[in-house]
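All figures in this text were calculated on a predicted structure; none of them were measured in a lab.
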Amino acid sequence: MASHLSSVQLQSLRQDLETQLEQHRRHLHGLREQEQDSNGGDGTWQELVVSITTAERAVAELSQAIDRLADGTYGRCSHCQSPIPFERLKVRPLAHRCIQCQRRKEAA
């Protein structure tokens with residue numbers, strides 16, 4: 001399926017995703033270092049575990065978006081397969097649904 005996005009738009013989105021991925025990887029690395037240095041006895045341990053889980057999820061989602069970009073499925077609604085406009089993807093690069101499907105999901 002051909003992309004509805006131009007090569008310039010795709011490159012811009014790829015750069016945004018790769019930048020975010022690198023930032024999240026660095027953050028995750030820092031959190032894991034904190035985890036190793038911590039004895040687990042203070043009240044911040046649970047916070048740290050939640051932060052690590054959140055960072056791992058962000059890395060996974062960004063990696064999957066980059067994979068979808070590579071295989072040509074990025075920028076299509078996961079529900080109806082309609083193209084997701086570039087403007088929406090610029091604001092929410094991990095968007096999986098078009099606005100209409102997202103609204104229906106939120107209303108359900």
Side-chain angles (χ1 to χ4, degrees):
M1 179 180 294
S3 177
H4 63 287
L5 301 167
S6 72
S7 62
V8 172
Q9 290 172 327
L10 287 169
Q11 184 59 31
S12 173
L13 292 165
R14 180 184 317 281
Q15 287 175 339
D16 291 348
L17 290 167
E18 288 175 350
T19 298
Q20 287 183 35
L21 179 59
E22 184 56 34
Q23 290 170 347
H24 282 281
R25 282 182 173 156
R26 280 194 305 259
H27 180 65
L28 179 58
H29 179 73
L31 291 170
R32 287 188 173 143
E33 285 180 348
Q34 280 182 296
E35 180 185 34
Q36 289 176 354
D37 295 341
S38 178
N39 63 9
D42 59 6
T44 62
W45 179 253
Q46 280 185 318
E47 246 178 73
L48 182 58
V49 170
V50 169
S51 294
I52 289 171
T53 302
T54 302
E56 287 173 339
R57 186 176 307 127
V59 166
E61 288 176 354
L62 287 161
S63 295
Q64 290 168 0
I66 291 169
D67 289 346
R68 287 194 314 275
L69 217 155
D71 72 18
T73 59
Y74 180 81
R76 294 246 169 227
C77 178
S78 62
H79 181 73
C80 71
Q81 299 304 309
S82 294
I84 299 172
F86 174 73
E87 295 76 16
R88 175 165 169 73
L89 293 169
K90 262 316 246 189
V91 174
R92 299 192 57 85
L94 296 178
H96 290 274
R97 293 179 193 86
C98 65
I99 292 284
Q100 294 80 12
C101 290
Q102 184 64 37
R103 286 184 179 146
R104 280 193 291 269
K105 181 182 186 298
E106 291 172 2

Q. If every non-hydrogen atom of Leu28 is compared with every non-hydrogen atom of Ala55, which pair is closest and at what distance?
A. CD1-CB, 3.8 Å

Show the atom names and distances, to 0.1 Å, of all donor-acceptor pairs under 3.5 Å that link a side chain in residues 91-103 to residues at least two apart or in another chain.
| unit_1 | atom_1 | unit_2 | atom_2 | d |
| --- | --- | --- | --- | --- |
| Arg97 | NH1 | Gln102 | OE1 | 3.3 |
| Gln102 | NE2 | Glu106 | OE2 | 3.0 |

List the atom pairs, with distances to 0.1 Å, where a side-chain N or O of residues 16-24 and a protein N or O form a donor-acceptor pair under 3.5 Å, not counting sequence neighbours.
| unit_1 | atom_1 | unit_2 | atom_2 | d |
| --- | --- | --- | --- | --- |
| Asp16 | OD2 | Lys90 | NZ | 2.5 |
| Thr19 | OG1 | Gln15 | O | 2.8 |

Result block: side-chain N/O donor-acceptor pairs under 3.5 angstrom for residues 56-69, not counting sequence neighbours:
| unit_1 | atom_1 | unit_2 | atom_2 | d |
| --- | --- | --- | --- | --- |
| Glu56 | OE2 | Arg32 | NH2 | 2.7 |
| Ser63 | OG | Val59 | O | 2.9 |

Q | Nearest-0.5 Å distance, CZ of residue Arg104 to NE2 of residue His79 | A | 6.0 Å

Q) Looking at CG of Leu31 and CD of Glu47, how far apart are the two atoms once the value is rounded to the nearest 0.5 Å? A) 11.0 Å

Q: Evaluate the side chain to side chain contact (heavy atoms under 4.5 Å, CB included) criterion for residues Phe86 and Leu13: first the C-alpha distance (whole Å), next the side-chain angles of each, then the deciding distance (0.1 Å), finally the verdict.
A: CA-CA 9 Å; Phe86 174 73; Leu13 292 165; 3.8 Å; yes

**Q.** Contact check, side chains of Pro83 and Arg76, non-hydrogen atoms, under 4.5 Å
**A.** yes

Q: Kindly give the heavy-atom pair with the smallest separation between His4 and Ile84, and that separation in Å.
A: NE2-O, 2.7 Å

